[in-house]
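Take a look at the structure set out below.
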Amino acid sequence: MAATDGPPVLKLGLDDAMAGLVLSTEAHWNQTEEDWRIFLRDGVVFGIRTGVLLVATAALLPYSGNNAWISMVLVTASHRRRGLATRLVDACLETARKNGLTSWLDATPDGVAVYGPLGFTPTLQLRRLKLTKQTRAEAPPPSSASIDALRARDRRATGFDRSALLSAFAQRSGSRIVSANGAIALVRDGRTARHIGPLFADNAAAALALVQTIVRSETGPLLLDAVAPQAAFLEGLTTSGWTIERPFQRMRLGPATAMAEEMPFAVAGPEFG
């Protein structure tokens with residue numbers, strides 16, 4: 001991507017969490033202020049301001065094994081089509097290049113057309129689904145699931161060590177880890193909906209049964225980012241009232257650094273929200 005003239009690209013700090021939340025809220029994303037603090041604390045977040053107003057962001061979050069995630073690519077409506085996102089993604093890619101990192105991202109269909117020519121290759125198709133639910137919830141079932149079990153399953157499915165990220169999610173107020181019959185999932189708060197994911201299971205039936213257990217103990221809207229190749233799981237969700245909101249394409253720039261041992265049924269979420 002070629003840089004253009006304009007306001008300077010800045011590195012943001014923890015004090016910018018609320019300003020970042022304003023951008024993601026404008027875009028109708030599900031991030032919370034705590035999500036922003038993860039990127040600002042553990043990653044590198046680039047931003048562009050006009051005066052004191054934060055108008056654009058992009059983040060690079062390092063993982064184990066020389067991997068990093070590009071996310072939080074946002075531009076306020078009044079400043080779009082000025083090349084700001086291009087400049088910020090360039091900053092992320094340059095930082096990744098200097099540190100020898102393989103870059104990952106979740107792209108919308110329009111984003112695929114942008115990132116493909118940069119050398120990103122598709123790896124996994126995702127579908128964001130939503131369930132709107134306003135009925136009385138049952139008491140959540142007891143669960144002996146541990147964060148260690150979730151982290152171990154996540155590492156087998158991704159090849160990454162995401163212990164810090166999953167622990168941060170699990171330790172939040174309102175988060176819970178649910179498991180049954182070889183399936184395990186994290187449920188956590190978002191800005192407008194609770195999010196189920198990641199979700200791992202031995203088969204589609206166990207994955208669907210766990211989702212139904214979670215649904216019965218929730219009252220508000222739920223989001224889930226399903227792995228499209230898990231066709232039986234995806235079909236089971238849509239026939240039980242979940243609606244597909246949009247597709248995403250997971251993409252990678254750089255060499256694969258680890259092999260996944262299993263495929264998840266749902267991921268933590270595009271842009272983690």
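For reference, positions follow the sequence shown, starting with 1.
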Side-chain donor or acceptor of [X] paired with backbone N/O of [Y] under 3.5 Å:
| X | Y | answer |
| --- | --- | --- |
| T25 | L21 | yes |
| S167 | A164 | no |
| N203 | A205 | yes |
| T57 | M72 | yes |
| T76 | H79 | no |
| Q249 | P109 | no |
| T238 | T243 | no |
| E26 | A77 | yes |
| R162 | T158 | no |

Aromatic ring proximity, centroids under 6.0 angstrom, F39 and W69: no
For the residue pair [X] and [Y], establish whether any side-chain heavy-atom pair is separated by less than 4.5 Å.
| X | Y | answer |
| --- | --- | --- |
| N30 | L223 | yes |
| V55 | R49 | no |
| L23 | L54 | yes |
| L234 | F265 | no |
| F120 | I70 | yes |
| S146 | I177 | no |
| L150 | F169 | no |
| P198 | V267 | no |

Salt bridge (charged side-chain N to carboxylate O under 4.0 Å, His left out) between D189 and R172, worked out: CA-CA 8 Å; D189 284 341; R172 293 180 185 176; over 6 Å; no
I196-M263 co-clustered via ILVMFWY side chain contacts under 4.5 Å: no
Verdict with reasoning, N67 to W104, per side chain to side chain contact (heavy atoms under 4.5 Å, CB included): CA-CA 7 Å; N67 293 279; W104 297 76; 2.9 Å; yes
Intermediate values then yes/no, salt bridge (charged side-chain N to carboxylate O under 4.0 Å, His left out), D16 and K11: CA-CA 10 Å; D16 294 301; K11 286 187 179 180; over 6 Å; no
For R252, the option from L105, T123, T257 that meets side-chain contact (heavy atoms from CB on, under 4.5 Å): T123
Is any side-chain N of the basic residue among [X] and [Y] closer than 4.0 Å to the acidic one's carboxylate O?
| X | Y | result |
| --- | --- | --- |
| R97 | D90 | no |
| R156 | E262 | yes |
| D148 | R151 | yes |

List the atom pairs, with distances to 0.1 Å, where a side-chain N or O of residues 58-66 and a protein N or O form a donor-acceptor pair under 3.5 Å, not counting sequence neighbours.
residue: S64; atom: OG; partner: D161; partner atom: N; Å: 2.7

From CA spacing to verdict: side chain to side chain donor-acceptor pair (under 3.5 Å), R176, S217: CA-CA 11 Å; R176 59 193 179 108; S217 61; 2.5 Å; yes
Donor + acceptor pair across side chains of H195, D225 (<3.5 Å): yes
Polar contact flag, side-chain donor to acceptor under 3.5 angstrom, S24-R191: no
Heavy-atom closest pair, residues L210 and A180: CD1-N, 4.0 Å
Cationic tip of R153 above F200 ring, under 6.0 Å, 45° of axis: no
Reported CG-to-OG1 distance for the pair L208 and T239, which is rounded to 0.5 angstrom: 7.5 Å
